[in-house]
Amino acid sequence: MSATIQPDAIHTPLLNWYDANKADLPWRGASAYRVWLSEIMLQQTQIETVIPYYKRFLANFPTIEALADANLDSVLKLWEGLGYYSRARNLHKAAQQVTHDFNGQFPSDVKTLKTLPGIGPYTAGAVASIAFGVAAPVVDGNVIRVFSRWLDLEDDVTQTRTKNYLWQVAEDWVPAERAGDYNQALMELGQKICTPRNPTCDVCPVQKICQAYAKNTQTERPVKKKKPKTPHYDVAAGIIRNDEGKILIAQRPMDGLLGGLWEFPGGKQEQGETLPECLQRELREELAIEVAVGALFVKVKHAFTHFKITLHAYDVQYRGSSDGSDAPQALDVRDWAWVTEDDFDRYSFGKADREVIKALRDRKHMLL
């Protein structure tokens with residue numbers, strides 16, 4: 001593999017196109033805190049989805065100090081619906097670290113930025129270049145696609161060797177001047193013109209240097225190995241009511257999937273057990289409680305990054321603690337609470353559980 005394109009053939013036409021066509025985004029020309037916030041939110045998430053979250057987040061946490069001082073639950077609640085919740089937890093940790101270790105001033109060099117929670121090579125390069133003008137490279141999905149086409153790269157971009165090569169190309173090509181604009185131009189080119197399907201090559205500002213365009217192989221780049229079939233799991237959850245009509249919710253452990261979010265407790269069905277049996281077992285393991293599982297209330301289908309689930313939510317009656325104590329025990333959960341349906345808005349839930357809440361409110365409305 002060798003990059004035969006001269007950087008000077010890229011910089012001028014790409015930056016001219018960017019100057020004339022760049023999107024008007026709320027984080028353009030902003031402080032390092034705001035650039036960092038936008039980059040974290042934009043990981044795995046579309047711009048249109050991010051903008052209202054970004055504005056709402058800044059309205060509540062206008063400075064990094066305000067974010068550092070915030071309660072994690074309030075951060076997760078504002079993040080609710082944006083997904084990939086580890087981003088929110090790391091955002092909170094990084095804000096505290098910047099506030100305590102760097103007097104609230106973001107470090108400007110890539111090496112130090114990468115020491116902050118949730119900041120990898122891409123985000124470090126983006127913040128350093130966009131906020132501070134450092135000639136730091138970035139490689140994300142858009143850049144991989146653009147470079148693969150410019151170079152007509154036949155190598156599998158999911159392989160470590162190819163990824164390392166593309167990072168080296170990005171470092172070789174990033175200009176000393178206007179590095180932030182150049183990096184944003186690359187990403188915007190991938191979003192608007194060099195799209196995954198049906199790229200509009202006829203209006204591409206760097207069409208002349210694109211080797212895939214010259215060979216008509218655009219739709220074959222980038223090369224990726226075929227993804228394995230996405231696994232599916234059945235999950236049982238309980239809408240557990242006590243004699244007062246309150247509902248038991250549990251907070252997930254901080255270090256796992258959807259860490260720190262609240263849920264209707266339950267878990268994944270194991271081979272050979274029915275869903276009600278699964279639910280009873282999970283509730284003993286997580287909360288040390290006994291229940292009577294009633295009728296299936298609602299089924300919710302949801303896709304995560306690497307697997308899919310069908311959540312089966314049952315109406316459940318609380319029978320007491322397994323060990324004879326007066327309350328549930330936080331065995332495999334971070335916390336638990338008895339709440340009313342009106343209390344749900346105070347807690348942050350994942351998408352599947354929010355669908356259950358919606359169904360509960362719809363049922364309540366129908367009964368009124």
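Note that these values count all heavy atoms, side chains included, but never hydrogens, waters or copies made by symmetry. Remember, predicted model here, so these are calculated numbers, not experimental data.
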Does the side chain of Gln43 come under 3.5 Å of the side chain of Tyr122 through a donor N or O and an acceptor N or O?
no

Does NZ in Lys77 sit with more than 12 non-hydrogen atoms of other residues, nucleotides or ligands closer than 6.0 Å?
yes

Only one of Gln218, Gln211, Arg221 clears side-chain hydrogen bond (donor to acceptor under 3.5 Å, both in side chains) with Asp152; which?
Arg221

Side chains of Arg281 and Glu285 in contact at under 4.5 Å (non-hydrogen atoms):
yes

Would you say that Asn183 contacts Val174 through its side chain, given a criterion of any heavy-atom pair below 4.5 Å between the two side chains?
yes

Yes or no on side-chain contact (heavy atoms from CB on, under 4.5 Å) for Leu258 and Glu263, after CA distance, side-chain angles and deciding distance?
CA-CA 10 Å; Leu258 304 178; Glu263 66 177 359; 6.0 Å; no

Which atom pair, heavy atoms only, marks the closest approach of Tyr53 to Trp79?
CE2-O, 3.9 Å

Return a table of donor-acceptor pairs under 3.5 angstrom between the side chains of residues 132-139 and protein atoms on other chains or two or more places apart.
none

Any salt bridge between Glu154 and Lys215, counting N to O under 4.0 Å?
no

Assign the ring pair Trp27 / Tyr54 to parallel, tilted or perpendicular, where the plane angle (0 to 90°) is split at 30° and 60°.
perpendicular

Asp345/Arg361 salt bridge by N-O under 4.0 Å criterion
yes

Is it true that Gln168 and Asn164 share a donor-acceptor pair across their side chains at a distance under 3.5 Å?
no

CG (Asp234) and NZ (Lys308) are apart, to the nearest 0.5 Å, by 13.5 Å

With a 4.0 Å cut-off, would you call Arg252 and Asp353 a salt bridge?
no

For Asp202, does the CG atom have more than 12 heavy-atom neighbours from other residues, nucleotides or ligands under 6.0 Å away?
yes

Short side-chain to backbone donor-acceptor contact, Arg87 and Ile40, under 3.5 Å:
yes

Between Phe304 and His302, does the ring centre distance come in under 6.0 Å?
yes

What's the verdict on side chain to side chain donor-acceptor pair (under 3.5 Å) for Thr340 and Asp342, showing C-alpha distance, side-chain angles and the deciding distance?
CA-CA 5 Å; Thr340 67; Asp342 292 336; 4.8 Å; no

Quick one: CD on Gln207 to OG1 on Thr200, what's the gap to the nearest 0.5 Å?
10.5 Å

Between Ile239 and Leu275, is there shared hydrophobic-cluster membership here, with clusters defined by ILVMFWY side-chain heavy atoms closer than 4.5 Å?
no

CD/Glu220: more than 12 non-hydrogen atoms of other groups inside 6.0 Å:
yes

pair Arg346-Val339: side-chain heavy atoms closer than 4.5 Å
no

Can any side-chain N or O of Thr123 pair as donor or acceptor with the backbone N or O of Gly120 at less than 3.5 Å?
no

Students often mix this up, so state it plainly: with edges at 30° and 60°, are the rings of Trp36 and Tyr33 parallel, tilted or perpendicular?
tilted

Side chains of Ser129 and Tyr182: is there a donor and an acceptor less than 3.5 Å apart?
no

Between Arg28 and Gln184, does any side-chain donor sit less than 3.5 Å from a side-chain acceptor?
yes

Quick one: are Leu248 and Pro328 in side-chain contact, heavy atoms under 4.5 Å?
yes

Between Arg178 and Asp19, is any pair of side-chain heavy atoms under 4.5 Å apart?
yes

Start with the C-alpha gap between Leu82 and Phe57, add the side-chain angles, then the distance that decides, and say whether side-chain contact (heavy atoms from CB on, under 4.5 Å) holds.
CA-CA 12 Å; Leu82 201 54; Phe57 213 85; over 6 Å; no

Rounded to the nearest 0.5 Å, how far does CG of Leu360 lie from CZ of Arg354?
14.5 Å

Electrostatic pair Arg241:Glu341 at N-O distance under 4.0 angstrom
yes

Using atom types as modelled and distance alone, determine if a side-chain donor or acceptor of Gln269 lies under 3.5 Å from a backbone N or O of Glu273.
yes

When rounded to the nearest 0.5 Å, the distance separating CG of Leu25 from CD1 of Ile51 is 5.5 Å

Please assess Gln251 against Asp73 for the test side-chain contact (heavy atoms from CB on, under 4.5 Å), listing each intermediate value before the final yes or no.
CA-CA 10 Å; Gln251 188 177 30; Asp73 287 337; 3.4 Å; yes

In sequence, state the C-alpha distance, the side-chain angles, and the governing distance for Arg145 and Asn142, and then conclude on side chain to side chain donor-acceptor pair (under 3.5 Å).
CA-CA 5 Å; Arg145 186 169 59 257; Asn142 286 306; 2.6 Å; yes

Do Tyr314 and Phe264 make the cut of ring centroids closer than 6.0 angstrom?
no

Whether over 12 other heavy atoms sit under 6.0 Å from Lys351 NZ:
no

Is the number of heavy atoms from other residues, nucleotides or ligands within 6.0 Å of CD (Gln105) greater than 12?
no

Minimum heavy-atom distance between Gly260 and Ser348, given as atom pair plus value:
O-OG, 4.4 Å

Arg89 (side chain) donor-acceptor with Met254 (main chain) under 3.5 angstrom
yes

Evaluate whether atom CG of Asn71 has more than 12 neighbouring non-hydrogen atoms of other residues, nucleotides or ligands under 6.0 angstrom away.
yes

Decide yes or no for Phe61 and Leu37: does some side-chain heavy atom of the first lie under 4.5 Å from some side-chain heavy atom of the second?
no

Please find the pair of heavy atoms, one from Glu277 and one from Gly272, that lie closest to each other, and give the distance.
OE1-O, 4.3 Å

Counting N and O atoms only, with roles assigned by atom type, does the side chain of Thr162 sit under 3.5 Å from a partner on the main chain of Asp156, one being a donor and the other an acceptor?
yes

